[in-house]
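Below: the structure, in structure tokens.
Indexing begins at 1, ligand by ligand and atom by atom, following the structure's order. Quick caveat: nothing in here was measured; it's all calculated off a predicted structure.
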Amino acid sequence: MQLTSILTLLGAATVAVGQTSNVTTGALGDARPVRNNPVGETWVATFDSAAVKGTVTAVAHTVGINYTIDVTGLAAEKGPYKYHVHLRAVPASGNCTETLGHLDSYVRGDTPPCEKSMPQTCEVGDLSGKYGTVAGPDVKKEFNDPYTALNKIQLGYIGDRAIVFHDAGGARIACATLMKVKDTCGGGH
Ligand SMILES: *[C@@H]1O[C@H](CO)[C@@H](O)[C@H](O)[C@H]1NC(C)=O
Ligand SMILES: *[C@@H]1O[C@H](CO)[C@@H](O)[C@H](O)[C@H]1NC(C)=O
Ligand SMILES: *[C@@H]1O[C@H](CO)[C@@H](O)[C@H](O)[C@H]1NC(C)=O
Ligand SMILES: [Cu+2]
């Protein structure tokens, strides 16, 4: 009887965990909000291919980064599209595979897919995992991500890395390197 109860409890616990979604966290814990960014500093990834045209703009905010996705041309039937910050800049060849994997400063990995309601548990570079995939053909989307950085000493630094769009099948349909276009509001030149 006691054993049965324990088994019943264990069973219930397993079901509960199964239903609680895919919340997992990085080997280094949950991502921490970035509060020492150079506010106003702006980086832009410019897309100009048949698959995607437009920009993804990243502006350093007092907490994290404000992103604006402003693109056109995404084939509606191949979406929804994912978009991420990948580790490396796009090489001269334009080969998106060579941007390597996602920026994953807290070492989470991309499986299971992350739980949007707990963005701190997502891979830092998994922007669509945190803020939603986008549908074609035209996208205009703004969000603040507290966990990415434009301060080089921080985990989650995105400078000189690539933004990559993936179609519904996961193919890397376009990639572009984030380039600095503006210094901070107060300082710089
Ligand atoms: C958890 O991940 C699996 C695939 O790994 C997916 O099928 C399932 O929908 C996810 N559950 C939630 C709640 O996100
Ligand atoms: C970031 O976005 C918030 C909300 O829209 C806005 O209030 C803030 O001014 C933006 N920060 C910068 C540096 O643009
Ligand atoms: C792109 O790079 C990957 C990895 O280096 C390589 O396997 C692949 O053949 C390259 N693709 C093209 C079209 O050159
Ligand atoms: Cu990606």
(message) Among the N/O/S atoms of His84, which is closest to the Cu ion (ligand 4)? Give the atom name.
(response) ND1
(request) Give the numbers and elements of all ligand 2 atoms closer than 4.0 Å to a heavy atom of Ala60. (result) 13 (C)
(request) Return yes when at least one protein heavy atom is under 4.0 Å from atom 2 (O) of ligand 3, and no when none is. (result) yes
(message) Using a 4.0 Å cut-off to any heavy atom of His61, which atoms of ligand 2 qualify?
(response) 1 (C), 8 (C), 10 (C), 11 (N), 12 (C), 13 (C)
(message) Quick check against the 3.5 Å criterion: does Thr55 have a side-chain atom that pairs as donor or acceptor with the backbone of Thr57?
(response) no
(request) Applying side chain to side chain contact (heavy atoms under 4.5 Å, CB included) between Val139 and each of Leu74, Thr72, Val56, report the one that passes. (result) Leu74
(request) Decide yes or no for Ile158 and Leu103: does some side-chain heavy atom of the first lie under 4.5 Å from some side-chain heavy atom of the second? (result) yes
(request) Could you tell me the residue and atom name of the protein heavy atom closest to atom 4 (C) of ligand 3, and the distance to it rounded to 0.1 Å? (result) Thr97 CG2, 3.9 Å
(message) Determine whether any protein heavy atom is located less than 4.0 Å from atom 14 (O) of ligand 3.
(response) yes
(message) Can you confirm whether or not the ring centre of Phe165 sits under 6.0 Å from the ring centre of Phe47?
(response) yes
(request) Give the residue and atom name of whichever protein heavy atom lies nearest to atom 12 (C) of ligand 3, and the separation in Å to one decimal. (result) Asn95 ND2, 3.4 Å
(request) Can you pull out the closest protein heavy atom to atom 5 (O) of ligand 3? Residue, atom name and distance to 0.1 Å, please. (result) Glu98 OE2, 3.1 Å
(request) Would you check if there is a donor-acceptor pair between the side chains of Ser105 and Tyr157 at a distance under 3.5 Å? (result) no
(request) Show the numbers, then the answer: is there a side-chain contact (heavy atoms from CB on, under 4.5 Å) between Leu178 and Val44? (result) CA-CA 5 Å; Leu178 284 159; Val44 178; 5.8 Å; no
(message) Do Val39 and Glu41 make a side-chain contact, defined as non-hydrogen atoms from C-beta onward lying under 4.5 Å apart?
(response) no
(request) Using a strict cut-off of 4.0 Å, indicate which atoms of ligand 2 neighbour a heavy atom of Asn66. (result) 1 (C), 2 (O), 3 (C), 8 (C), 10 (C), 11 (N), 12 (C), 14 (O)
